[in-house]
Participant: 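This is the structure I want to talk about, given as structure tokens.
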Amino acid sequence: MEAARWAPSAYNEQPWRFIVGEKGTEVYNHILESLVEWNQLWAVNAPVLVLNIAKQLFTHNNTPNDTYKYDLGQAVAFMIIEAMNQGVVSHQMSGFDSDMAEKSLNISQGYHAVSVTAFGYQGHKDMLTEDFAQLELKPRERKNFDTIVIRGKFND
Ligand SMILES: Cc1cc2nc3c(=O)[nH]c(=O)nc-3n(C[C@H](O)[C@H](O)[C@H](O)COP(=O)(O)O)c2cc1C
């Protein structure tokens, strides 16, 4: 959370807010219930679920902050990298019902629930069911460097 707090943001607005749900609390249950069924299946094992929300208007002039999601995402990225540094693993999710989460957690007008992050400790692969093992143990993939880094003309 401290790493997220220090993230840069447009106009230093710091539009991010984090609703922290610890397992066994009402907040945790509300966040869990807002997840799509598939995510609930595994996220229920996480000791902490965080609802990532952000303020949509700039505070200084009440105009739309076009980068509120960008700023929130950057703060979350800082958070998960520092978590990793401290031995805590994370899994982000956009598969959730934001309206439901906003209602059940009384999120004020003008704030939008963008994503959820599950935090926990790395388990052992033997704990996975067959279905999850297939997904979790397959090689991780990314686009080639040359696809994402453009040195000449953009030509997609
Ligand atoms: C914004 C965002 C939303 C995501 N939503 C989900 C989700 O709802 N459910 C899920 O299982 N994974 C979700 N993921 C995880 C991605 O599917 C995952 O990062 C991607 O497939 C690459 O896998 P890897 O990071 O293990 O290599 C999300 C990741 C991000 C950054």
Side-chain angles (χ1 to χ4, degrees), residues 1-59 65-102 104-108 110-129 131-145 147-149:
M1 292 296 165
E2 182 65 3
R5 194 170 75 84
W6 281 102
S9 58
Y11 283 90
N12 202 18
E13 170 68 34
Q14 303 159 66
W16 47 75
R17 305 288 185 274
F18 305 105
I19 314 283
V20 180
E22 293 172 69
K23 207 178 177 89
T25 65
E26 211 178 316
V27 174
Y28 182 98
N29 292 339
H30 283 316
I31 299 174
L32 185 68
E33 283 157 13
S34 75
L35 299 177
V36 296
E37 205 182 330
W38 163 255
N39 285 333
Q40 286 191 21
L41 283 176
W42 56 265
V44 68
N45 297 307
V48 175
L49 294 174
V50 177
L51 182 70
N52 303 309
I53 69 176
K55 187 175 177 185
Q56 295 167 294
L57 298 182
F58 279 120
T59 302
N65 177 356
D66 288 341
T67 60
Y68 79 88
K69 286 184 183 173
Y70 180 96
D71 293 346
L72 173 66
Q74 183 157 233
V76 172
F78 280 30
M79 191 190 300
I80 65 172
I81 289 168
E82 178 53 24
M84 226 183 307
N85 186 41
Q86 296 187 28
V88 173
V89 296
S90 64
H91 192 141
Q92 297 178 66
M93 289 163 270
S94 55
F96 80 111
D97 184 332
S98 58
D99 289 341
M100 186 177 169
E102 286 166 12
S104 62
L105 290 158
N106 296 316
I107 306 302
S108 306
Y111 287 81
H112 178 46
V114 177
S115 61
V116 174
T117 315
F119 286 99
Y121 298 98
Q122 186 77 53
H124 193 272
K125 62 179 166 50
D126 294 346
M127 295 161 68
L128 296 168
T129 60
D131 286 359
F132 278 117
Q134 265 190 11
L135 275 174
E136 294 296 327
L137 303 178
K138 72 177 192 319
R140 299 178 68 210
E141 289 178 350
R142 291 295 187 269
K143 291 186 169 67
N144 293 331
F145 196 84
T147 306
I148 62 159
V149 180

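Quick note: residue numbers are just sequence positions, from 1. The shown structure was predicted, so the numbers you read here are calculated from the model rather than taken from an experiment.
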Participant: Would you say Asp99 and Glu102 make side-chain contact, with heavy atoms under 4.5 Å?
Facilitator: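 Yes, side chains in contact.
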Participant: Are Pro8 and Phe78 packed together at the side-chain level, in the sense that at least one heavy-atom pair is separated by less than 4.5 angstrom?
Facilitator: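 Yes, their side chains come closer than 4.5 Å.
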Participant: Can you give me the closest heavy-atom contact between Thr117 and Ser90, atom names plus distance?
Facilitator: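 In terms of heavy atoms, the two residues are closest at CG2-CB, 3.9 Å.
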Participant: Can you name the nearest heavy-atom pair linking His91 to Trp42, along with the distance?
Facilitator: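 Where His91 meets Trp42 most closely, the heavy atoms are CG-CH2, 3.4 Å.
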Participant: With a 6.0 Å cut-off (strictly less than), is the heavy-atom count around OH of Tyr70, excluding the residue itself, greater than 12?
Facilitator: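 Result for OH/Tyr70: open.
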Participant: Just so I know, are the side chains of Phe132 and Leu137 near enough to count as touching, which here means a heavy-atom distance under 4.5 Å?
Facilitator: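 Side-chain contact under 4.5 Å: no.
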Participant: Working to the nearest 0.5 Å, report the span between OG of Ser34 and CG of Leu105.
Facilitator: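 Here the interatomic distance stands at 7.5 Å.
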Participant: So for atom CD, which belongs to Gln40, do other residues, nucleotides or ligands contribute more than 12 heavy atoms lying within a distance under 6.0 Å?
Facilitator: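 Yes, CD of Gln40 has more than 12 neighbouring heavy atoms, counting only those of other groups under 6.0 Å.
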Participant: Any side-chain heavy atom of Trp16 within less than 4.5 Å of one from Ile53?
Facilitator: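 SC-SC contact between Trp16 and Ile53 ruled out.
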Participant: If you take all heavy atoms of Tyr68 and Lys55, which pair is closest and at what distance?
Facilitator: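 Smallest heavy-atom distance, with atoms named: CB-O, 3.4 Å.
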Participant: With a 4.5 Å limit on heavy-atom distance, are the side chains of Val44 and Leu32 in contact?
Facilitator: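 Yes - at least one pair of side-chain heavy atoms lies under 4.5 Å apart.
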Participant: Any idea which heavy atoms bring Ala7 and Ala75 closest together, and the distance?
Facilitator: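 Shortest heavy-atom contact: CB-CA, 3.7 Å.
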Participant: Side chains of Phe96 and Val36: does their closest heavy-atom pair fall under 4.5 Å?
Facilitator: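 No; the side chains remain at least 4.5 Å from each other.
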Participant: Take Val20 and Val27 through the test side-chain contact (heavy atoms from CB on, under 4.5 Å) and record every step on the way to the result.
Facilitator: CA-CA 7 Å; Val20 180; Val27 174; over 6 Å; no
Participant: Does any part of the side chain of Met1, heavy atoms only, come nearer than 4.5 Å to the side chain of Val50, both counted from C-beta?
Facilitator: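 Heavy-atom side-chain distance check passes, below 4.5 Å.
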Participant: Distance check, rounded to the nearest 0.5 Å: Leu49 atom CG versus Ile19 atom CD1?
Facilitator: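 Output value for this atom pair is 12.5 Å.
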Participant: With side chain to side chain donor-acceptor pair (under 3.5 Å) as the criterion, how do Gln74 and Ser9 come out once you've worked through the C-alpha distance, each side chain's angles and the decisive distance to 0.1 Å?
Facilitator: CA-CA 8 Å; Gln74 183 157 233; Ser9 58; over 6 Å; no
Participant: Is there a donor-acceptor contact under 3.5 Å from the side chain of Ser104 to the main chain of Met100?
Facilitator: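 Answer holds: yes.
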Participant: Can you find a heavy atom in the side chain of Glu82 that is under 4.5 Å from one in the side chain of Glu2?
Facilitator: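 No, side chains not in contact.
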Participant: Verify the neighbour count for atom CH2 of Trp6: are there more than 12 heavy atoms of other residues, nucleotides or ligands below 6.0 Å?
Facilitator: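 Result for CH2/Trp6: open.
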Participant: Got a donor-acceptor contact below 3.5 angstrom from the Asp71 side chain to the Pro15 backbone?
Facilitator: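 The answer is no, because no donor-acceptor pair under 3.5 Å joins these two groups.
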